[in-house]
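Worksheet for the structure shown next.
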Amino acid sequence: MRKIKLNDITLRDYVAKHGNTLSFKEVVEIAKTLDKLRIDTIGLPAIENVKVGSLLIHTITAAVSYSAVSMPTGTTDESLKRAWDAVCGAKHPRLYLELPVSTVQMEFMSHKRPDKLLEIITDIIGKARKLCKDVEFSALDATRADFDFIVSAVKKAVEAGANTVTICDTAGNMFPQEFKAFIEKLYEAVPELKNVCLAVRCADTLSMAAANVFAAFECGAGEVCVLANAGPSPSAEEVVKILTVRSELCGLSSGVKTTELNRGMQQIAWIARSKKAKEETMFNIGSAAEQGEILLHAGDDLPTVAKAVKKLGYELSDEDTAKVFESFNAAVSKKSVGTKELEAIIASSAMQVPPVYKLKDYVVNCGNCISASAVVHMLKDGRELQGMAVGDGPIDAAILAIEQITGHHYEVDDFQIQAVTEGREAFGSTLIKLRYEGRLYSGTGISTDILGASLGSYMNALNKIAFEEAHN
């Protein structure tokens with residue numbers, strides 16, 4: 001069965017649309033998640049600020065072990081050197097040259113004549129290959145280019161040392177049979193393409209990107225550019241799902257696990273939402289969401305407390321707000337109430353519901369030489385349900401097992417762990433916030449077993465969501 005490589009260009013596409021609005025930590029987390037999912041290549045954006053950008057790339061290359069890390073070379077010796085200096089420490093570095101090849105885009109994007117563009121391809125690809133064994137040439141708007149010119153550009157790239165050539169259907173106006181004919185014609189005109197990896201990047205203008213991608217696979221293409229969420233290019237989930245469901249028919253596979261991919265890509269898509277990128281913290285374990293510190297004192301009235309609750313992102317009913325205010329008054333007599341304390345009050349006081357799911361038992365195996373795995377048994381309406389999963393640590397594995405049972409994935413908006421007593425038998429308190437349909441649901445747990453406390457808080461929040469779903 002032939003393996004298809006996945007080249008995730010989420011970070012590159014995001015920066016092109018929204019600029020560098022993702023935080024340092026968010027970019028690194030996205031790269032780490034892609035590597036964990038065993039995506040073959042991670043496409044990074046070009047470096048703008050040399051000092052900050054280089055540090056970011058060095059951090060990513062140190063954190064990524066499976067995926068190739070692809071850096072744009074630019075079209076000058078200086079930009080090529082900067083790209084290589086940044087990515088050379090990666091376990092699998094890749095240098096990437098992207099140029100427009102259609103007449104329209106050459107005129108408006110590169111402002112260079114066709115003969116000059118061919119010179120750049122030969123020069124930059126040749127120098128890049130001397131530095132790095134993995135070099136990619138990407139031909140933008142290839143399907144609208146003069147065919148003789150695209151043939152010349154691809155030949156120059158392969159001759160100079162490119163071992164991956166990406167054909168971009170930037171307009172996205174082709175039907176699958178047209179794109180297949182185009183790729184077949186290109187293979188015939190450039191026999192050298194059979195000695196390298198042909199990749200495709202298809203726009204979804206006519207909602208046919210995935211179909212066009214598989215048409216190219218039929219011709220021999222071996223790599224596809226994907227995004228974390230559906231958009232200008234097909235999503236990784238969409239491509240992998242088709243490869244998995246129709247693997248026997250098409251004789252292709254990706255080597256990526258569908259369940260883990262879905263969860264990881266949903267996390268990445270959430271981070272990469274431009275309106276959320278600066279407002280929410282997804283992976284800030286042990287701290288409250290970065291929404292501004294809250295400090296309430298004795299004497300603060302109900303409207304003040306309600307405003308603070310809303311600032312944290314919760315939408316509570318008047319009844320639940322009253323319950324939170326009552327618990328706040330009990331707590332504030334002893335000390336001022338900050339963000340963490342208010343979060344705990346909300347989780348323990350608001351929307352306390354009869355449990356839809358009950359945790360019966362769980363078994364978790366983990367160690368420094370095995371992947372963490374979990375088996376979880378839960379009860380619902382008197383029926384026993386079982387989930388099994390492998391995750392990145394015991395808590396992640398247990399939550400994945402619960403998600404397998406419920407059939408739902410909820411975004412973990414925040415997860416906090418802290419000791420509430422001292423000594424070896426100290427109680428640990430956990431607070432988790434799940435986001436569902438734009439709303440926050442929090443739960444708390446306490447136990448000498450921190451895993452038990454974590455699952456307790458997750459179940460607490462999960463039951464609030466399940467109860468509200470059942471009554472809407």
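None of the values given here were measured: they were computed from a predicted structure.
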Task: side chain to side chain contact (heavy atoms under 4.5 Å, CB included) between I465 and L434, worked out - done: CA-CA 9 Å; I465 297 173; L434 303 181; 4.1 Å; yes
- [ ] Decide side chain to side chain contact (heavy atoms under 4.5 Å, CB included) for L440 and D413; before the verdict, give the C-alpha distance in whole Å, the side-chain angles of both, and the deciding distance to 0.1 Å.
- [x] CA-CA 8 Å; L440 287 178; D413 198 78; 3.8 Å; yes
Open item on the list: Go through it in stages, so that I can follow the logic: the residues are T10 and M265, the test is side chain to side chain contact (heavy atoms under 4.5 Å, CB included), and I'd like the CA-CA distance, side-chain angles, deciding distance and then a yes or no.
Closed with: CA-CA 10 Å; T10 300; M265 287 300 177; 5.6 Å; no
TODO: For the pair K5 and T41, evaluate side chain to side chain contact (heavy atoms under 4.5 Å, CB included) and give the outcome as yes or no after the intermediate values.
DONE: CA-CA 8 Å; K5 297 179 181 178; T41 303; 6.0 Å; no
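Rounded to the nearest 0.5 angstrom, H92 NE2 and S65 OG are separated by 7.5 Å. Distance check: I432 CD1 to N460 CG gives 10.5 Å after rounding to the nearest 0.5 Å. To the nearest 0.5 Å, the span separating SG on C202 from CE on M174 amounts to 10.0 Å. L451 CG to I417 CD1: the interatomic distance, rounded to the nearest 0.5 Å, is 9.5 Å. The OG atom of S70 sits 8.0 Å away from atom CG of L95, with the distance rounded to the nearest 0.5 Å. For the atom pair CG (L227) and CD1 (I9), the distance works out to 5.0 Å, reported to the nearest 0.5 Å.
With sequence neighbours left out, the ring-ring contact (aromatic ring centres under 6.0 Å, His included) criterion links F217 to F214. Remark: D300 pairs with no residue by the salt bridge (charged side-chain N to carboxylate O under 4.0 Å, His left out) rule, at least two apart or across chains. Listed by chain and number, the residues in a side-chain contact (heavy atoms from CB on, under 4.5 Å) with K310 amount to none (sequence neighbours excluded). Every residue meeting the side-chain contact (heavy atoms from CB on, under 4.5 Å) condition with P93, not counting sequence neighbours, appears here in chain and number order: W84, V87, A90, C132. Remark: N262 engages E237, T258 in a side-chain contact (heavy atoms from CB on, under 4.5 Å) (not counting sequence neighbours). Every residue two or more places apart in sequence or in another chain that forms a ring-ring contact (aromatic ring centres under 6.0 Å, His included) with Y436 is listed here: Y410. Judged as a salt bridge (charged side-chain N to carboxylate O under 4.0 Å, His left out), and not counting sequence neighbours, E260 has no contacts. Evaluation of the salt bridge (charged side-chain N to carboxylate O under 4.0 Å, His left out) rule for K3 yields D40 as partners, not counting sequence neighbours. Looking at residues two or more places apart in sequence or on another chain, you find a side-chain contact (heavy atoms from CB on, under 4.5 Å) between A466 and V356, Y357.
Side chains of K32 and I60 form no contact here, defined as non-hydrogen atoms less than 4.5 Å apart. For the pair V200/D169, no side-chain contact is recorded, criterion being any heavy-atom separation below 4.5 Å from C-beta on. Between N173 and E178 the shortest side-chain heavy-atom distance does not fall below 4.5 Å. Between T430 and F415 the shortest side-chain heavy-atom distance falls below 4.5 Å. Using a 4.5 Å cut-off on side-chain heavy atoms (C-beta onward), T164 and V196 make no contact. Contact annotation: the side chain of V239 approaches that of L6 to within less than 4.5 Å [non-hydrogen atoms, C-beta and beyond]. Two residues are said to be in side-chain contact when any heavy atoms from C-beta on lie closer than 4.5 Å; I402 and M459 meet this criterion. With a 4.5 Å cut-off on side-chain heavy atoms, I30 and I42 do not count as touching.
The shortest heavy-atom contact between S254 and L243 is CB-CD1, 3.7 Å. For A372 against C366, the heavy-atom pair with the smallest separation is CB-CB, 3.8 Å. I47 and S54 make their closest contact through CD1-OG, 4.0 Å (heavy atoms, listed as atom of the first residue, atom of the second, distance). What you find for C225 and S233 is that their closest heavy atoms are O-CB, 4.1 Å. Smallest separation of non-hydrogen atoms from I399 and Y458: CG2-CE1, 3.6 Å. Closest of all the heavy-atom pairs between G222 and C197 is C-SG, 4.0 Å.
By the 4.0 Å N-to-carboxylate-O rule, E468 lies too far from K464 to be salt-bridged with it.
A donor-acceptor pair under 3.5 Å is formed between the side chain of D35 and the backbone N or O of S67. Side-chain N or O atoms of D301 include none that pairs as donor or acceptor with a backbone N or O of V305 at under 3.5 Å.
In E326, the CD atom is not crowded: 12 or fewer heavy atoms of neighbouring residues, nucleotides or ligands sit closer than 6.0 Å. More than 12 heavy atoms of other residues, nucleotides or ligands lie within 6.0 Å of NZ in K36, so this atom counts as buried by the packing criterion. At most 12 non-hydrogen atoms from other residues, nucleotides or ligands lie less than 6.0 angstrom from CG of D318. When the shell of 6.0 Å around CZ of F24 is examined, it contains more than 12 heavy atoms from other residues, nucleotides or ligands.
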Which atom pairs, one a donor and one an acceptor, fall under 3.5 Å between side chains of residues 381-395 and the rest of the protein, sequence neighbours left out?
unit_1	atom_1	unit_2	atom_2	d
E384	OE1	K360	NZ	2.7
Q386	OE1	H377	NE2	2.8

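A side chain to side chain donor-acceptor pair (under 3.5 Å) check over residues 214-224, counting only residues at least two apart or in different chains, returns the pairs N7-E223, R94-E223, K180-E218. Listed by first and then second residue, the salt bridge (Lys or Arg N to Asp or Glu O under 4.0 Å) pairs that reach into residues 399-408 are R263-E403, sequence neighbours excluded.
When each of I4, D8, T166, N212 is checked for a side chain to side chain contact (heavy atoms under 4.5 Å, CB included) with V224, only I4 meets the rule.
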